[in-house]
> 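Submitted below is the structure of interest, expressed as structure tokens.
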Amino acid sequence: TPRATPPAATTHLAPAAASGSTPVVTCWQSEAGGSIQRGLFLVSQDSGQSWRLADVHAPNGGAPYLGPYPDGAVDGPHGWVAVGAGYSGDSAVWTSSNGVSWTQFQAGPAFSNSLVSQVAATGSGYVAVGTATNGNQTLVWTSADGRHWHRTAPRFGAMLNVGTNVLAAHGDQVLVDVEPEAGSGQIWRSADGGQTWHLLKLPKISGLEQTDYDGVASGPSGLYAFGEGDDVTAGGIEFVQGSSDGSRWSTLLNSPLPGPGGGAGIFAGFAASGSGFVAANSNSINTMDLYRGSAGGSWRNAGVISENNVG
């Protein structure tokens with residue numbers, strides 16, 4: 001756990017990202033009873049062994065303005081990019097060539113009256129997803145350079161799913177996970193970096209009476225969609241489907257979760273690597289079960305995270 005802590009304020013951590021040996025954790029400070037937010041970046045240049053606060057400045061080199069804070073960062077074809085807003089409604093974009101020094105820009109009208117949920121790097125630039133502040137529209141932003149953004153409102157016919165895995169990109173193949181008011185989760189695909197979209201028809205999983213997609217992810221080998229289903233004999237299971245090109249999909253993992261609870265749950269986090277998958281499943285307010293899995297195998301216990309062993 002990063003130990004570099006901003007002084008004299010409550011610090012909130014957001015999702016982490018890494019590029020080579022440089023992981024970056026976005027975070028923000030709450031000051032003045034929570035009414036003022038300061039966007040910050042924790043960075044490590046030795047693969048997470050030690051951490052420090054990154055330099056954040058305005059375009060003129062002065063102090064950045066308070067209010068917006070980054071909620072996740074990504075390293076892409078033109079360097080690091082983060083997007084975020086604050087309780088005041090002001091939005092900002094942060095860019096960095098190395099993850100160590102960041103410049104904060106006003107986001108501009110493309111991000112007015114909206115909240116960004118997640119940002120990802122594509123082969124040609126960057127893409128972000130979020131919602132209008134009135135909560136009735138899913139929005140997509142695309143950028144070639146991470147600094148200037150174009151906003152669209154694709155006709156998904158549904159709102160973004162809940163969680164931290166609603167957007168994934170591998171090259172210019174992009175997935176978004178949405179949740180219709182009635183029915184199970186849907187995956188929408190873009191083959192051009194987020195410019196145009198169509199509903200992805202994933203193959204039916206043998207033996208499952210019903211499936212519900214909980215999120216999407218990317219890894220070295222391509223794109224992934226995961227969720228839970230009902231097996232006619234085994235009951236609840238957790239599945240992972242994958243594709244190297246975004247168009248041809250196969251089921252990689254399909255098994256119940258181990259342990260006394262067993263069955264299926266809604267993953268609060270999911271990541272893919274060359275060695276398999278890691279997932280987190282919240283089993284109470286204060287604890288989270290971790291699982292590992294691999295293609296052709298089954299889910300295995302990988303530990304428990306609780307408030308008592310994080311810090």
Side-chain angles (χ1 to χ4, degrees), residues 118 120 122-123 127 129 138 140 154-194 196-258 262-267 269-279 281 291-300:
Q118 198 171 342
T122 66
V127 61
V129 294
T138 298
V140 173
R155 296 183 178 180
F156 294 145
M159 299 304 297
L160 281 177
N161 210 339
V162 177
T164 58
N165 290 90
V166 295
L167 173 69
H170 185 76
D172 279 335
Q173 299 289 329
V174 185
L175 302 180
V176 169
D177 180 27
V178 299
E179 185 77 18
E181 289 187 9
S184 58
Q186 297 177 348
I187 310 296
W188 285 73
R189 174 194 172 208
S190 171
D192 52 15
T196 60
W197 298 86
H198 69 268
L199 181 62
L200 184 61
K201 298 293 186 181
L202 291 161
K204 186 176 181 180
I205 301 175
S206 177
L208 296 190
E209 295 180 320
Q210 183 178 350
T211 57
D212 189 8
Y213 289 92
D214 293 332
V216 293
S218 63
S221 300
L223 292 164
Y224 304 91
F226 60 90
E228 76 267 9
D230 292 321
D231 186 276
V232 292
T233 58
I237 63 97
E238 289 287 341
F239 64 84
V240 179
Q241 293 177 295
S243 172
S244 61
D245 59 6
S247 60
R248 292 167 294 183
W249 289 78
S250 61
T251 300
L252 304 177
L253 195 159
N254 179 17
S255 80
L257 297 178
I266 298 177
F267 284 158
F270 178 94
S273 69
S275 59
F277 316 113
V278 176
N281 181 40
Y291 302 96
R292 291 186 181 273
S294 57
S298 58
W299 292 108
R300 309 182 302 277

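Note that these values count all heavy atoms, side chains included, but never hydrogens, waters or copies made by symmetry. Each residue takes its place number in the sequence, starting with 1.
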> Just wondering, do Arg189 and His198 contact through their side chains at under 4.5 Å, heavy atoms?
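In contact.
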> Is it true that a side-chain atom of Asp172 and a backbone atom of Thr122 form a donor plus acceptor pair closer than 3.5 Å?
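Not a single qualifying donor-acceptor pair exists.
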> Decide yes or no for Ser294 and Arg300: does some side-chain heavy atom of the first lie under 4.5 Å from some side-chain heavy atom of the second?
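Answer yes - side chains close enough.
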> Checking Tyr224 against Leu175 for the side chain to side chain contact (heavy atoms under 4.5 Å, CB included) test, could you report, in this order, the C-alpha distance in whole Å, the side-chain angles of both residues, the deciding distance, and whether it holds?
CA-CA 9 Å; Tyr224 304 91; Leu175 302 180; over 6 Å; no
> So which heavy atom on Pro220 is nearest to which on Ala272, and how close?
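Where Pro220 meets Ala272 most closely, the heavy atoms are CD-O, 4.1 Å.
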> Check Thr138, Asp214, Leu160 against Val166 for a side-chain contact (heavy atoms from CB on, under 4.5 Å) and give me the one that passes.
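Considering Thr138, Asp214, Leu160, a side-chain contact (heavy atoms from CB on, under 4.5 Å) with Val166 is found only for Leu160.
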> Looking only at heavy atoms, what is the nearest atom pair of Ala217 and Asn165, with distance?
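That closest heavy-atom pairing would be CB-ND2, 4.1 Å.
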> Say whether, by atom type as modelled, one donor and one acceptor occur between the side chain of Gln118 and the main chain of Leu167 under 3.5 angstrom.
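Indeed, once roles are kept as given, a pair shorter than 3.5 Å links the two residues.
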> Determine whether a donor-acceptor pair (N or O, by modelled atom type, separation under 3.5 Å) exists between the side chain of Ser218 and the backbone of Leu223.
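Such a contact is absent between Ser218 side chain and Leu223 backbone.
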> Identify the heavy atoms of Gly227 and Glu238 that sit nearest to each other, and give their distance.
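Gly227 and Glu238 have their closest heavy atoms at O-OE1, 2.8 Å.
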> If you compare all heavy atoms of Gly193 against all heavy atoms of Ser190, which two are closest, and at what distance to 0.1 Å?
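Between these two residues, the closest heavy atoms are N-OG, 3.7 Å.
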> Pick one: which of Phe277, Tyr213, Phe226 meets ring pair (Phe, Tyr, Trp, His ring centres under 6.0 Å) with Phe239?
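The option that passes is Tyr213.
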> Between the main-chain N or O of Pro203 and the side-chain N or O of Gln241, is there a donor-acceptor pair closer than 3.5 Å?
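Yes: the side chain of Gln241 pairs with the backbone of Pro203.
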> Where do Leu253 and Gly293 come nearest, in terms of heavy atoms and distance?
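Minimum heavy-atom contact is CD1-CA, 3.6 Å.
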> Restricting to non-hydrogen atoms, name the atom on Val176 and the atom on Val129 that form the minimum distance, rounded to 0.1 Å.
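Smallest heavy-atom distance, with atoms named: CG2-CG1, 3.6 Å.
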> Taking the inter-plane angle between the rings of Trp299 and Phe267 on a 0 to 90° scale, is it parallel (under 30°), tilted (30 to 60°) or perpendicular (over 60°)?
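Perpendicular, since the angle between the ring planes exceeds 60°.
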> Evaluate the criterion side chain to side chain contact (heavy atoms under 4.5 Å, CB included) for residue pair Leu208 and Glu228; output intermediate values, then yes/no.
CA-CA 10 Å; Leu208 296 190; Glu228 76 267 9; over 6 Å; no
> Is the closest side-chain heavy-atom distance between His170 and Ser243 below 4.5 Å?
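They are not in side-chain contact.
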